[in-house]
Amino acid sequence: MHVIPVIRPRCGQSVASLSETIHPVLRRVYATRGITGNNELPLSLKNLFPPVFLGIEQAASILIHAIDHNRRIMIAGDFDSDGATASALAVLGLRTLGANAVDYIVPNRFTMGYGLSTALVAQAVEAGAQVLVTVDNGISSVAGVKAAKNAGLTVVITDHHLAPASLPEADAIVNPNQPGCSFASKNLAGVGVMFYVLGAVRAGLRARRTDADKAVPNLADYLDLVSLGTIADLVRLDQNNRILVAHGLQRIRQGRCRPGIVALLELAGRTTEYTTSLDLAFAVAPRLNAAGRLDDMRLGIECLLAPTLEQARPLASQLDKLNRERREIEQRMREQAMEDLPETSEYVGICVFNDQWHEGVIGLVAARLRERLHRPAIAFAPSNEPGLLKGSGRSIPGFHLRDALAEIAANRPDLIEKFGGHAMASGLSLRAQHLKSFQIAFDSVCRVQLDTDTLRAVIETDGELAEDELNLQTALALESGGPWGQGFPEPIFEGTFKILEARTVGSEHSHVRYRLRTPDATTVSAIHFWGSETVRRSGDARVVYRLTVNRYGGQQEAGIQIVHLLT
């Protein structure tokens, strides 16, 4: 796939509006990300948006009553990193606030599917639940909530997904994206919503006590979990989420975080002292997600709940093993998908299927196809139910995947059994005999909505660095200028270098380590992860890259991490 670099626009902001004490490269980067003034840069917890959620007072009242009367609270989670961190946060937070009877359940993606199903409710009832609290799910679970209410449970929904036309009849719903909610940010992850709910419970408990500090913990102790779930779920890093993530990262760097996070960082070869949002996204989250993709997310939640490093390390090792297995499965599936591409090359919207594929990994395959072809892609695998296929899709900018599925469902109600998701990622299920018809319908929607310009693979960069900017000082300034993530992207640059040396590295020789030289003869080391297919041995190379800090043996130096090798 040919990638076209485009310099990121400055959003109408002036570099001059930012303090001259900020590194000049970082000032330019901030100006392209909508930072309008110095007042937006301090990421103080005091600047968090006030908790004006619809339903939050009612939710807090229910949970305070449950704490007071020792009612059994059951957290109903989800099988991704946001759901896992939100589950762990809910259990730890409520226990700290005085709940003596709180536990969690999480659906098995292969037997129950996503959300609060009637089967999951039955499991909660069997476990003796009296109050059921969803995290990162529930806003669409009309049948599940009805089953819970019929069983006599009090139901509190905490979620962040878009609300359907008809809401479930829960006792309380807290979701910034439900109609009528005035909370200022609609970008909270599920774990962020639960953090605010715990804050409301804490405020309610504190208000009625004469000793204001008695038994009222500091919930900031759990911001490491909030930052991990927020980064892993790829929600937009608006000002509020940047505050949450920044303070969570700060706690991790200080070593004041969950032992499970430390253990997962260790296995990835990272140290807590220099942890960044990229480490959470690419080192911790995939290992945590592996449990939900291949096995049972309870393993991931137990790792996050582990009270000591000694207890966390064996659990983290199991997650690491699952992640290696996930990589092997994904690689085989990706190779099979690429072999099948000639059959789908005439399509704008890509659909692939193999009856041997693993349901838990199809989303990753769709993501790889999207990256390789710059087309919306959906990968299908057989489900546990005979004749039913599960699909997971990934989209490109300019194409709202969930809306496309909704359009297909409206025009051809016979094709899709059910669907859900967001603009960039969605899931669906359909009968095997409808796959070809769905593929044609999906391609038709893609052709109508996508034009030649949209189908060009464009990557926005922060331009070129001057010769005197390609150094450790700049790398350190950029590292400290985050947190970076979705909607507040990490700085990437473009430039031309002479290749002095190239060698493949890694256990599968899939990465390439380069020694590059700038026009003024400065030598810099570079790494291109998964770049073996496009390795260049000599000549000049135009690259898009991150400027990073390489640390080893107590030393630091600037390095380059290649994102795209253009020529």
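Counting begins at 1 with the first residue of the sequence.
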Q. For M424, does its backbone N or O pair with a side-chain atom of S395 as donor and acceptor, under 3.5 Å?
A. no

Closest non-hydrogen atoms of P5 and V544, given as atom of the first, atom of the second and distance, are CB-CG2, 4.3 Å

Quick check against the 3.5 Å criterion: does N177 have a side-chain atom that pairs as donor or acceptor with the backbone of H161? no

Margin query: Is there a side-chain contact between I252 and L265 in this structure, where contact means two heavy atoms from C-beta onward sitting under 4.5 Å apart?
Written below: yes

Rounding to 0.5 Å, atoms CZ (R546) and CD (E490) come to a distance of 5.0 Å

Review point. Under 4.0 Å between a Lys/Arg side-chain N and an Asp/Glu carboxylate O for R287 and D320?
Key: yes

Heavy-atom closest pair (A290 atom, L319 atom, distance to 0.1 Å) is CB-O, 4.2 Å

Nearest heavy-atom approach of S185 to P176 is O-CB, 3.6 Å

For this output row, return yes or no: ring centroids of F380 and F438 closer than 6.0 angstrom. yes

Aromatic F488 / basic R242 pairing, under 6.0 angstrom, 45° off normal:
yes

- Task: Say whether, by atom type as modelled, one donor and one acceptor occur between the side chain of H564 and the main chain of L566 under 3.5 angstrom.
- Result: no

Smallest heavy-atom separation, S317 atom then L267 atom, equals N-CD1, 3.6 Å

Distance col, row I261:CD1 vs L280:CG, nearest 0.5 angstrom, shows 7.0 Å

Does any N or O in the side chain of R258 come within less than 3.5 Å of the main-chain N or O of A306, such that one atom is a donor and the other an acceptor?
yes

Distance-only polar pair, side chains of D136 and H160, donor-acceptor under 3.5 Å:
yes

Electrostatic pair D414:R412 at N-O distance under 4.0 angstrom
yes

Within-4.5 Å side-chain heavy-atom neighbours: L89 and L304
no

Could you check whether any side-chain N or O of D159 sits under 3.5 Å from a backbone N or O of I139, counting only pairs where one atom can act as donor and the other as acceptor?
yes

message: Please check this pair: side chain of S426 against backbone of G393, looking for a donor-acceptor N/O pair closer than 3.5 Å.
response: no

Subject >> Sidechain-backbone polar pair: H374 side chain, R456 backbone, donor-acceptor under 3.5 Å >> reply: yes

For K436 and Y347, the nearest pair of non-hydrogen atoms, with its separation, is NZ-OH, 3.1 Å

Next on the checklist: Would you say that I492 contacts L547 through its side chain, given a criterion of any heavy-atom pair below 4.5 Å between the two side chains?
Outcome noted: no

Any heavy-atom pair between the side chains of S429 and L389 that's under 4.5 Å?
no

- Query: Do any N or O atoms from the side chain of W357 and from the backbone of V365 form a donor-acceptor pair under 3.5 angstrom?
  - Reply: no

Can T454 and D451 be said to form a side chain to side chain donor-acceptor pair (under 3.5 Å), step by step? CA-CA 5 Å; T454 313; D451 56 25; 2.6 Å; yes

Value for CZ (R313) from OG1 (T308), rounded to nearest 0.5 Å, stands at 9.5 Å

Result for side chain to side chain contact (heavy atoms under 4.5 Å, CB included) between Y222 and one of T85, L92, V191 points to L92

| Should R551 and E557 count as an ion pair when the cut-off is N to O under 4.0 Å? | no

Output yes when E273 and R253 qualify as a salt bridge under the 4.0 Å nitrogen-oxygen rule, no when they do not. no

Modelled atom types, side-chain donor and acceptor of N289 and S81, under 3.5 Å | yes

- request: Start with the C-alpha gap between V512 and R503, add the side-chain angles, then the distance that decides, and say whether side-chain contact (heavy atoms from CB on, under 4.5 Å) holds.
  value: CA-CA 6 Å; V512 183; R503 55 190 175 90; over 6 Å; no

Note to self: For the aromatic rings, using the six-membered ring if either is Trp, is the centroid distance between F497 and Y545 under 6.0 Å?
What the structure shows: yes

Rounded to the nearest 0.5 angstrom, the CG-CG distance for N241 and D233 is 10.0 Å

Rounded to the nearest 0.5 Å, the CE atom of M333 sits from the CZ atom of R368 at a distance of 11.5 Å

Taken to the nearest 0.5 Å, the spacing of L455 CG from L373 CG works out to 11.0 Å

The side-chain hydrogen bond (donor to acceptor under 3.5 Å, both in side chains) partner of R270 among T276, D279, T275 is D279

| message | Cation-pi check for Y514 against R536: NZ or CZ below 6.0 Å from the six-membered ring centre and within 45 degrees of the axis, yes or no? | response | no

ask   = Near E533 CD, under 6.0 Å, is it more than 12 heavy atoms from other residues, nucleotides or ligands?
value = no

- Answer yes if the side chains of T496 and R542 hold a donor-acceptor pair under 3.5 Å, and no otherwise. yes

Please check if the side chain of R327 supplies one atom and the backbone of N323 the other of a donor-acceptor pair under 3.5 Å.
-> no

>> So V121 and L116, do their side chains get closer than 4.5 Å, heavy atoms only?
In response: yes

Notebook entry, point to check: Taking 4.0 angstrom as the limit, do R8 and D462 come out as a salt bridge?
Noted result: yes

*Start with the C-alpha gap between D78 and M297, add the side-chain angles, then the distance that decides, and say whether side-chain contact (heavy atoms from CB on, under 4.5 Å) holds.*
CA-CA 8 Å; D78 186 25; M297 186 45 98; over 6 Å; no

Handout entry: Check: N187/D238 side-chain N/O donor and acceptor closer than 3.5 Å
Key = yes

For P286 and A281 the tightest heavy-atom approach is CD-O, 3.3 Å

- Item | D82 (side chain) donor-acceptor with G190 (main chain) under 3.5 angstrom | yes

Are R334 and E371 ion-paired here, with the side-chain N under 4.0 Å from a carboxylate O? no

| Step by step, would you call R537 with E501 a salt bridge (Lys or Arg N to Asp or Glu O under 4.0 Å)? | CA-CA 6 Å; R537 302 289 179 181; E501 180 186 357; over 6 Å; no

Report yes or no: do T548 and Q561 form a side-chain donor-acceptor pair below 3.5 Å?
-> no

Residues R326 and E328 bridged, charged N to O under 4.0 Å
no

- Query: Are R431 and E385 ion-paired here, with the side-chain N under 4.0 Å from a carboxylate O?
  - Reply: yes

